[in-house]
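These notes are about the structure you will find just below.
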There are 2 protein chains.
Amino acid sequence: MKRSQNSIDSSTPPKIDIRNVAARARVSIATVSRTINHVPTVDPVLAARVWKAVTELNYFPNTQARALVSGKSKLLGLIVSEITNPFFPELIQEFEQVAVAHGYEILIGSTNYETSTMELCARRMLERKVDGVAIMTFGIEDFLLDRFAVDNIPVVFIDPAPTRPLSNVLAVDYYAGIYEGVQHLAVLGHRKIGFISGPLRLRSAESRKATFLGCLHSAGLKAEPAWLIEGDHTLDGGRDAMQKILALPKHPTAIMCSNDMTAIGVQHALFEAKLKVPDDFSLIGFDDIHLAEYTIPPLTTIRMSCKDLANKAVDNLLSRLKPAGAKLEAVSKINTRLIVRQTTGLPKDALLDLIDKPRPKTR
Amino acid sequence: MKRSQNSIDSSTPPKIDIRNVAARARVSIATVSRTINHVPTVDPVLAARVWKAVTELNYFPNTQARALVSGKSKLLGLIVSEITNPFFPELIQEFEQVAVAHGYEILIGSTNYETSTMELCARRMLERKVDGVAIMTFGIEDFLLDRFAVDNIPVVFIDPAPTRPLSNVLAVDYYAGIYEGVQHLAVLGHRKIGFISGPLRLRSAESRKATFLGCLHSAGLKAEPAWLIEGDHTLDGGRDAMQKILALPKHPTAIMCSNDMTAIGVQHALFEAKLKVPDDFSLIGFDDIHLAEYTIPPLTTIRMSCKDLANKAVDNLLSRLKPAGAKLEAVSKINTRLIVRQTTGLPKDALLDLIDKPRPKTR
DNA sequence: CAACTCAGCGTAAACGTTTACTACAGTGAA
DNA sequence: TTCACTGTAGTAAACGTTTACGCTGAGTTG
């Protein structure tokens, strides 16, 4: 099949490649390549001719050919748990922005919390030869990390996980935020606090729960196992978990959730049960998605900056891609902190105490 | 630079390519290629040897090389307005699922409603040589469509728009759903209905508004210009718009919104103003995102199935990519319908009428 | 003025596939 | 036995770049 340049064939528009540009600028293709790649050793006069030709022909280089020869795809993988959970789009947006600013494209994979899907995602990333991967889902199988390691692909992920060659971790300081949250509840007078976790097979969900338990202990409170429910980080999961708690003979007075979606699910369960937040139950979420400000009432939650997360992830990956800045510190810290809005208040039993026990005449 | 296969160099793991497989299977690379591409004219015996080698070496073809020679990138572009609006992740998820099932990867672009970003997205898609593009944002500049047309890239998008060669449209039947919504309000007794639109420079936002106006007319109601506010399809936009309406001397009794996020913003504005839904205002959203079921109270809204949208979009693109099924009908219809939940009720003035006018002693 | 340096251009060899074309072995008919 | 044909396998060209290498000619030095 002959090169179809300058063809009159209407179904095949004249493809313009580096040769066309070279011809028009009366230079070799090497010079064109050097010019558009800003190699300094090219005569400004020729460079000008090249640029003129480039704009006149509306030329842009073929990414595939570039990738093939250079071995770099200029693609960054981003694996998230569930694109449907608003935390992730916020993360993706940020991630994409900074990636594109550095000339990278992103390839998104959504695992839906399933190992098989996760495997597929990783496989797709490998096939597309991504230059680096950020795994923002919680919990990755080790053998997948190995796969990336074999191909020399930098990986960055969230959370406590076995450190391996080429995989850096973005450590989230769960403790700070969750501690603030528990203290906040304790100060309000809550003694009976429940926790709705994420899927516990995910390391990060496990970690949030463990941190909660630790903070509870620090506050001198005891955990009631019946009030530790395993959710799945979704709206439906939050609702179901709260319904389980409501079905219990004894209730907590406050609920902490492993993420905001769970908390919104809880709010809904409470609404259906004609219970009020924060009058009947105090509620704290986690993530501080934009929506948290818009729930009714607005959600008190623990903020984990996804801007921060995305930026640090891309920075980490990119810095390891340019040969110069070889060694970045292997661990970046992501902070968390409590944002108090309107789903936390005095515990119901405290009011009961006031009314029942001392029963002051006043009122 | 010599091919570094079988190198002992620790920093460069032995890359396995088609040649390695061919060698191990004792066949030529052409046979390997034919085997993995399921070309029928290959001896089952050799095929078996090839597959064995493939699995033993854990080989998978280099996508870039494939793309370069075949001219097909197996990449589908998906351009959305704003990845942060939950409607789009739901769409993306669906889209990705069916694309991956057909062996395609997807490249996401988020325009954030800005023409310049949109241009950038289109450019990126062109550079990556996507095989097709679905433009699920509302309103695209014509010259961009031309760009895609020049490269012979099938485009599919939503909505009324000039039909061009190679661009098919997925027509959303706004009328059905919005008509149901307006009727629903009218039957409840609402006569004063406001509308918060999306950004009006977007064709689809304009179209939803026009449809609303038409339906209002059909119901024998008049539009009050002051109650037609331009929002921006975001939470913040919805809140701001509702605040503007509340600042007016005369209020409507019901509000329809151009999307669910706007409606959630409205709910929030009302909450801040200590007004109740649906007692003080009835409210109808649009899209029926999953979250709509979880607002407090749950949002009455007009469902536009994103599953349907995604499926039809991918089907359309894919069917135009395989030479066989050349001609699909150029227009697919997407239905909309009202989902009644708890944000719509009797209008406040009706209650006032009951209380003020007849003022029955009973009570 | 000859020899040397080096900036800067062009040639050609990769990169890992697909696929048109060629070659060859086996089969059946004359 | 020979010829034509069929079914498969292999060879090599092409895809559009980047980049190592070699070459030219102008400037510098002795």
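Within every chain, numbering begins at 1; the chains are lettered A, B, ... in the order of the sequence lines, protein sequences first and strands thereafter. No hydrogens, no waters, no symmetry mates; every other heavy atom, side chains included, goes into these values.
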When you get a sec, tell me which of [options] is the closest nucleotide to the side chain of [X]?
| X | options | value |
| --- | --- | --- |
| A:Arg34 | C:dT17, C:dA14, C:dG10 | C:dG10 |
| B:Val69 | C:dG16, C:dA14, C:dG8 | C:dG16 |
| B:Leu68 | D:dC15, D:dA20, C:dT17 | D:dC15 |

Expressed in angstrom and rounded to an integer, what is the separation of [X] atom [atom1] from [N] atom [atom2]?
| X | N | atom1 | atom2 | result |
| --- | --- | --- | --- | --- |
| A:Lys72 | C:dC15 | NZ | P | 16 Å |
| A:Asn62 | D:dT18 | CG | C1' | 13 Å |
| B:Asn37 | C:dG16 | CG | P | 17 Å |
| A:Phe60 | D:dT17 | CZ | P | 10 Å |
| B:Ile36 | C:dT17 | CD1 | P | 7 Å |
| B:Arg128 | D:dG16 | CZ | P | 17 Å |
| B:His38 | C:dT19 | NE2 | P | 15 Å |
| A:Asp43 | D:dG25 | CG | P | 16 Å |

- When the nearest nucleotide of DNA chain D is assigned to B:Ala65 and to B:Ala30 on a heavy-atom basis, which residue is associated with the more 5' position?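 Its nearest nucleotide being more 5', the pick is B:Ala30.
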
- Query: Can A:Arg123 and A:Glu119 be counted as an ion pair, charged N to O under 4.0 angstrom?
  - Reply: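 A salt bridge is absent here (no side-chain N lies under 4.0 Å from a carboxylate O).
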
- Item | Pairing of B:Asp151 and B:Arg147 as salt bridge, 4.0 angstrom limit |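 Answer for the salt bridge query: no.
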
- Task: Could you check whether A:Ser70 gets within reach of a base, just the sugar-phosphate, or nothing at all, counting any heavy atom under 4.0 Å?
- Result: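 It contacts nothing in the nucleic acid.
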
- Remember a base hit wins even if backbone is also touched, and classify A:Thr31 as base, sugar-phosphate or nothing at under 4.0 Å, heavy atoms.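 A:Thr31: backbone/sugar contact only, no base atoms under 4.0 Å.
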
- Query: Taking all non-hydrogen atoms of both residues, which atom of B:Arg124 and which atom of B:Gly109 are closest, and how far apart?
  - Reply: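 Residues B:Arg124 and B:Gly109, closest heavy atoms: NH2-CA, 3.9 Å.
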
- Side-chain donor-acceptor pair under 3.5 Å between B:Arg24 and B:Asn20, yes or no?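 No, because no side-chain N or O of B:Arg24 sits under 3.5 Å from a partner of the opposite role on B:Asn20.
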
- Check whether the side chains of A:Arg66 and A:Asn62 place a donor and an acceptor atom closer than 3.5 Å, and report yes or no.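 There is no such pair (donor and acceptor under 3.5 Å, judged by atom type) between the side chains of A:Arg66 and A:Asn62.
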
- Item | side-chain contact (heavy atoms from CB on, under 4.5 Å) evaluation trace for A:Asn112 with B:Gln93 | CA-CA 10 Å; A:Asn112 297 318; B:Gln93 185 170 50; 2.9 Å; yes

- Message: Taking only side-chain N and O atoms of B:Ser28, does any of them lie within less than 4.0 angstrom of OP1 or OP2 on D:dG10?
- Response: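 Answer yes for this pair, as a side-chain N or O of B:Ser28 is under 4.0 Å from OP1 or OP2.
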
- Message: OP1 or OP2 of C:dT18 versus the side-chain N and O atoms of B:Ser33: is any pair under 4.0 Å?
- Response: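 Answer yes for this pair, as a side-chain N or O of B:Ser33 is under 4.0 Å from OP1 or OP2.
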
- B:Leu76 vs B:Val133 side-chain heavy atoms within contact, under 4.5 Å: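 B:Leu76 vs B:Val133: side chains apart.
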
- Item | 5' precedence on DNA chain C between B:Ile29 and A:Arg26 (nearest-nucleotide basis) |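 Between the two, 5'-proximity favours A:Arg26.
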
- Task: Mind grabbing the angle between the end helix axes of the helix from C:dC1-D:dG30 to C:dA30-D:dT1? Five pairs an end, 10° rounding.
- Result: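 Roughly 60°, once rounded to the nearest ten degrees.
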
